[in-house]
Amino acid sequence: MELIGNLFEDIPPTLPGEVVEELIRARHARIERILSHGQSSPETGWYDQDEHEWVLVLQGAGRLLFDDQREVLLNPGDHLLIPAHCRHRVVWTDPEQVTLWLAVFFREIEGAPPHHEGAA
């Protein structure tokens, strides 16, 4: 098991499709590096995940749309907690540069406030 890595290594200048790499998988969590370059989710369908997702944009930018029609733009350093079953999709990623996302998926939030419908 490699202990040292760099999230900014091996980023190609262009991508024919989104690249998802699982960095760590544990019993109750997993961490992914996601690379996008102008890609978005398919026009039909929504992400409706059984897990909570905490996402951070490290480079580039991306816009998420939630099923209540709310949009959120994430720039470098911006992060967002998407509760489980909060339906969402990626509607835009920066076409000028690769967007580097770090996504953490997990099942339980200790001490979290109650989930409010449509909250992100």
Asks: Mind checking the CD1-CG spacing from Ile11 to Leu100? Nearest 0.5 Å is all I need.
Replies: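 The CD1 atom of Ile11 sits 5.0 Å away from the CG atom of Leu100.
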
Asks: For the hydrophobic clusters of this structure (ILVMFWY residues joined by side-chain heavy atoms under 4.5 Å, transitively), does one cluster hold both Trp101 and Trp46?
Replies: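 No; Trp46 is not reachable from Trp101 via cluster members.
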
Asks: Between atom NE2 of His88 and atom CG of Leu80, what is the distance when rounded to the nearest 0.5 Å?
Replies: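 Between atom NE2 of His88 and atom CG of Leu80 there are 8.5 Å.
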
Asks: What's the shortest heavy-atom distance between Leu102 and Leu23, and which atoms?
Replies: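 For Leu102 and Leu23, the tightest heavy-atom pair comes out as CD1-CD1, 4.1 Å.
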
Asks: Calculate, to the nearest 0.5 Å, the distance between atoms CZ and CG belonging to Arg70 and Leu65 respectively.
Replies: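 Nearest 0.5 Å value for the CZ-CG distance: 9.5 Å.
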
Asks: Please list, chain by chain and in numerical order, all residues satisfying side chain to side chain donor-acceptor pair (under 3.5 Å) with Asp50, sequence neighbours excluded.
Replies: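 For Asp50, the residues satisfying side chain to side chain donor-acceptor pair (under 3.5 Å) (neighbours in sequence not counted) are His85.
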
Asks: Under a 3.5 Å distance rule, please check whether Glu9 uses its side chain to pair with a backbone N or O of Leu7 as donor and acceptor.
Replies: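 No; judged by distance alone, with no hydrogens or angles, the pair does not exist.
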
Asks: If you compare all heavy atoms of Gly60 against all heavy atoms of Pro76, which two are closest, and at what distance to 0.1 Å?
Replies: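 Smallest interatomic distance, heavy atoms only, reads O-CD, 3.1 Å.
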
Asks: For residues 73-82, pull every pair meeting side chain to side chain donor-acceptor pair (under 3.5 Å), keeping only residues two or more places apart or in separate chains.
Replies: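 Qualifying pairs, neighbours excluded: Trp54-His79.
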
Asks: Checking Arg25 now: which residues fulfil side chain to side chain donor-acceptor pair (under 3.5 Å) with it, not counting sequence neighbours?
Replies: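 For Arg25, the residues satisfying side chain to side chain donor-acceptor pair (under 3.5 Å) (neighbours in sequence not counted) are Glu22.
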
Asks: Could you see if Val91 belongs to whatever hydrophobic cluster contains Val72? Use Ile, Leu, Val, Met, Phe, Trp, Tyr and a side-chain cutoff under 4.5 Å.
Replies: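 No: no chain of side-chain contacts under 4.5 Å links Val91 to Val72.
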
Asks: Are Phe106 and His28 close enough that their ring centres sit under 6.0 Å apart?
Replies: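 Between His28 and Phe106, which both carry aromatic rings, the centre distance is not below 6.0 Å.
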
Asks: Would you give the length of the straight line joining atom CG of Leu64 to atom OH of Tyr47, rounded to the nearest 0.5 angstrom?
Replies: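 Output value for this atom pair is 9.5 Å.
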
Asks: Between Arg63 and Trp92, is there a donor-acceptor pair closer than 3.5 Å when you use the side chain of the first and the backbone of the second?
Replies: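 No: the side chain of Arg63 does not pair with the backbone of Trp92.
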
Asks: Give a yes or no answer on whether the side chain of Thr93 reaches the backbone of Gly62 with a donor-acceptor pair at less than 3.5 Å.
Replies: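 Answer holds: no.
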
Asks: Once rounded to the nearest 0.5 Å, what's the spacing between atom CD1 of Ile34 and atom CG of Leu58?
Replies: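 Separation between the atoms: 11.0 Å.
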
Asks: Following the transitive rule for hydrophobic clusters with a side-chain heavy-atom cut-off under 4.5 Å over Ile, Leu, Val, Met, Phe, Trp and Tyr, establish whether Val55 and Phe105 coincide in one cluster.
Replies: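 Hydrophobic grouping puts Val55 apart from Phe105.
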
Asks: Of all the heavy-atom pairs spanning His52 and Leu81, show the shortest one and how long it is.
Replies: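 It is CB-CD1, 4.4 Å.
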
Asks: Judged by atom type as modelled, is there a donor-acceptor pair below 3.5 Å linking the side chain of Gln49 to the main-chain atoms of Ile82?
Replies: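 Absent.
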
Asks: In Å, rounded to the nearest 0.5 Å, how long is the span from NE2 of His37 to CD of Glu18?
Replies: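 Going from the NE2 atom of His37 to the CD atom of Glu18 covers 12.5 Å.
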
